[in-house]
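Here is the structure we will look at, set down as structure tokens.
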Number of protein chains: 2
Amino acid sequence: MTSSGVTVPGRADARRNHHNLLVVAREVFAEQGAQASLRDVARRAGVAIGTLYRHFPNRDALLEAVLREGFLALGEAADALLASDTPREALLDWMTTFSSAPGECRGLPETMLAALGDETSALHAPCRVLRDAAARLLARAQELGEVHADVTGDDLFAALVAMRWVAENADAERAERLRELVGRGLGAPQ
Amino acid sequence: MTSSGVTVPGRADARRNHHNLLVVAREVFAEQGAQASLRDVARRAGVAIGTLYRHFPNRDALLEAVLREGFLALGEAADALLASDTPREALLDWMTTFSSAPGECRGLPETMLAALGDETSALHAPCRVLRDAAARLLARAQELGEVHADVTGDDLFAALVAMRWVAENADAERAERLRELVGRGLGAPQ
DNA sequence: ACCTGAACACCGTTCAAGT
DNA sequence: ACCTGAACACCGTTCAAGT
């Protein structure tokens with residue numbers, strides 16, 4: 001049930017093109033960021049630009065196909081941490097994973113926030129999955145009194161994406177220190 | 001002593017063009033963000049594209065000319081707060097000013113972090129001014145024991161720019177809530 | 001069904017030619 | 001001293017024409 005928005009075509013050549021585009025796009029996004037040239041993707045995949053657009057109607061659709069798995073895995077990793085008996089630490093660990101993790105691909109934070117606010121985007125659903133997973137982790141830590149009750153899931157998500165933005169635009173170490181700062185801010189006074 | 005990197009030309013027509021480009025650029029950057037089309041700026045200023053490049057050799061030079069005053073004013077506002085006898089509150093207030101303030105111009109946070117790391121950028125000096133002003137405010141709050149001693153000026157600046165990024169990409173309210181979170185994280189245990 | 005690539009409306013940047 | 005605008009090498013996106 002890999003139900004992405006884009007359907008894998010039936011004809012053999014088309015299926016090959018589809019797959020090839022995905023592989024190449026992953027590379028190119030990693031190299032040039034989420035705003036990479038789609039023409040370049042098509043070129044390196046050895047197809048005409050029109051073929052790329054036939055398989056993926058826009059940039060978000062292509063990004064979604066590339067990022068889907070990683071996003072879902074990240075969400076599942078969060079849910080796995082729900083069982084932890086130190087939920088605040090679990091949340092903080094996951095924050096590090098989130099901000100440094102999947103698909104090193106500059107420019108993603110902008111896209112993620114935009115997609116979260118745009119229900120027509122192909123990336124909307126995967127981003128929602130992530131935000132909701134983060135919110136569950138947060139809720140658990142709040143129930144146990146380890147995190148301030150007034151922080152919302154959207155607050156946390158904004159902080160997460162901001163940390164990732166810092167990791168991309170400054171460096172991972174700075175993002176990590178920001179996480180510590182935010183982590184201290186999250187903590188409920190015991 | 002308005003010593004910016006770009007020199008105001010002597011000839012009357014050139015001086016008029018220079019000034020006009022600045023006025024129009026401020027509008028266009030506000031409308032379309034820091035990555036706005038320079039061609040559009042030239043068009044709306046009624047000059048050929050080559051004229052824009054003659055006055056401002058690249059985008060950063062034009063941005064610097066547009067943002068310079070606001071940045072310096074923001075730095076001075078920080079120094080004015082150094083006298084406060086509640087330095088932690090002063091810092092937090094200034095953080096709000098910083099993240100919502102000068103030249104509503106999307107895409108600036110990226111540019112600011114990049115300029116801070118690139119000494120050849122025309123924006124390098126103004127960004128340094130801001131970071132140093134923030135660092136002084138921080139140092140004062142730390143001396144009085146109101147803020148954790150292990151936070152550095154660069155940490156604070158990254159947090160500031162990240163908040164501004166959130167203000168641009170989500171909304172000002174979310175950025176404000178992130179500021180509260182970070183503010184709590186800054187606070188030394190009394 | 002699917003692929004191709006010309007076409008359109010844009011960019012940033014440079015530089016010879018003009019006044 | 002300064003301005004113009006063609007030129008170059010790019011974009012994203014669409015769509016008629018082909019197989």
Side-chain angles (χ1 to χ4, degrees), chain A residues 5-25 28-29 31-66 106-107 110-111 114-115 118 120-123, chain B residues 5-25 28-29 31-66 106-107 110-111 114-115 118 120-123:
Chain A
V6 225
T7 26
V8 178
R11 230 167 69 177
D13 57 341
R15 214 159 46 226
R16 216 176 32 240
N17 282 338
H18 185 93
H19 180 257
N20 213 233
L21 279 167
L22 274 182
V23 171
V24 171
V28 175
F29 283 143
E31 282 172 27
Q32 307 178 24
Q35 278 81 36
S37 158
L38 297 186
R39 266 189 139 100
D40 205 28
V41 173
R43 217 157 20 222
R44 282 162 64 164
V47 298
I49 181 65
T51 301
L52 184 148
Y53 276 91
R54 160 161 262 266
H55 286 283
F56 306 98
N58 51 52
R59 171 174 252 107
D60 275 11
L62 184 53
L63 270 174
E64 193 270 350
V66 166
R106 286 181 58 110
E110 286 84 339
T111 307
D118 172 16
T120 73
S121 165
L123 271 172
Chain B
V6 226
T7 26
V8 177
R11 230 167 69 176
D13 58 341
R15 214 159 46 227
R16 217 178 30 243
N17 281 340
H18 186 92
H19 180 257
N20 213 234
L21 278 167
L22 274 181
V23 171
V24 171
V28 175
F29 283 142
E31 283 172 26
Q32 307 178 25
Q35 278 81 36
S37 159
L38 297 186
R39 265 188 139 101
D40 205 29
V41 173
R43 218 158 18 223
R44 282 162 66 165
V47 298
I49 181 65
T51 301
L52 184 148
Y53 276 90
R54 160 162 262 266
H55 287 282
F56 306 97
N58 51 53
R59 170 173 253 107
D60 275 10
L62 184 53
L63 269 174
E64 192 270 351
V66 166
R106 286 180 58 112
E110 285 85 338
T111 308
D118 172 16
T120 74
S121 164
L123 272 171

Considering heavy-atom distances to DNA chain D, does P57(A) or R43(A) have its closest nucleotide positioned more toward the 5' end? R43(A)
What's touching nucleotides 16-19 of chain D from the protein side, N or O pairs under 3.5 Å?
none

Report the residues that fulfil side-chain contact (heavy atoms from CB on, under 4.5 Å) with A42(B), sequence neighbours left out, ordered by chain and then residue number. V47(B), I49(B), L52(B)
With sequence neighbours excluded, tell me which residues meet side-chain contact (heavy atoms from CB on, under 4.5 Å) with P9(B). A14(B), H18(B), H55(B)
With sequence neighbours excluded, residues passing side-chain hydrogen bond (donor to acceptor under 3.5 Å, both in side chains) with [X]:
X	result
E31(B)	R44(B)
S121(A)	D60(A)
N20(A)	none
R39(A)	none

Rounded to the nearest Å, what distance is computed from the [atom1] atom of residue [X] to the [atom2] atom of nucleotide [N]?
X	N	atom1	atom2	result
F56(B)	dG12(C)	CZ	C1'	17 Å
L21(A)	dC2(C)	CG	C1'	13 Å
H55(A)	dT4(C)	NE2	C1'	12 Å
N20(B)	dC3(D)	CG	C1'	14 Å
N58(B)	dT13(C)	CG	P	7 Å
Q35(B)	dG12(C)	CD	P	11 Å
H18(A)	dC3(C)	NE2	C1'	16 Å
D13(A)	dT4(C)	CG	C1'	13 Å

Qualifying residue for side-chain contact (heavy atoms from CB on, under 4.5 Å) with F56(B), from L22(B), T51(B), L38(B): L22(B)
For DNA chain D, the dot-bracket notation using Watson-Crick and G-U wobble pairs below 3.5 Å, [ ] for pseudoknot-type crossings and | for other-strand pairs, is ||.|||||...|||||.||
Value rounded to 0.5 Å, distance of CD in Q35(B) from CZ in R106(B): 9.5 Å
Nearest 0.5 angstrom please: T120(B) OG1 to N58(B) CG, how far? 8.5 Å
Salt bridge (charged side-chain N to carboxylate O under 4.0 Å, His left out) with R11(B): which residues, sequence neighbours excluded? D13(B)
State, to 0.1 Å, how close R15(A) and V8(A) come at their nearest heavy-atom pair, and which atoms those are. CG-CG1, 3.6 Å
For L123(B) and E64(B), which heavy atoms make the closest approach, and how far apart are they? CD2-CA, 3.7 Å
Which nucleotide in dT14(C), dG12(D), dC3(C) has an atom nearest any side-chain atom of Y53(A): dG12(D)
Of the candidates dC2(C), dT13(C), dC3(D), the side chain of L38(B) sits closest to dT13(C)
Does [X] have a side-chain nitrogen or oxygen under 4.0 Å from the phosphate oxygens OP1 or OP2 of [N]?
X	N	answer
N17(B)	dC3(D)	yes
R54(A)	dC2(C)	yes
S37(A)	dC10(D)	no

Would you tabulate the nitrogen or oxygen pairs shorter than 3.5 Å linking the protein to nucleotides 5-9 of chain D?
| residue | atom | partner | partner atom | Å |
| --- | --- | --- | --- | --- |
| dG5(D) | O6 | G50(B) | N | 3.3 |
| dA7(D) | N6 | R39(B) | NH2 | 3.3 |

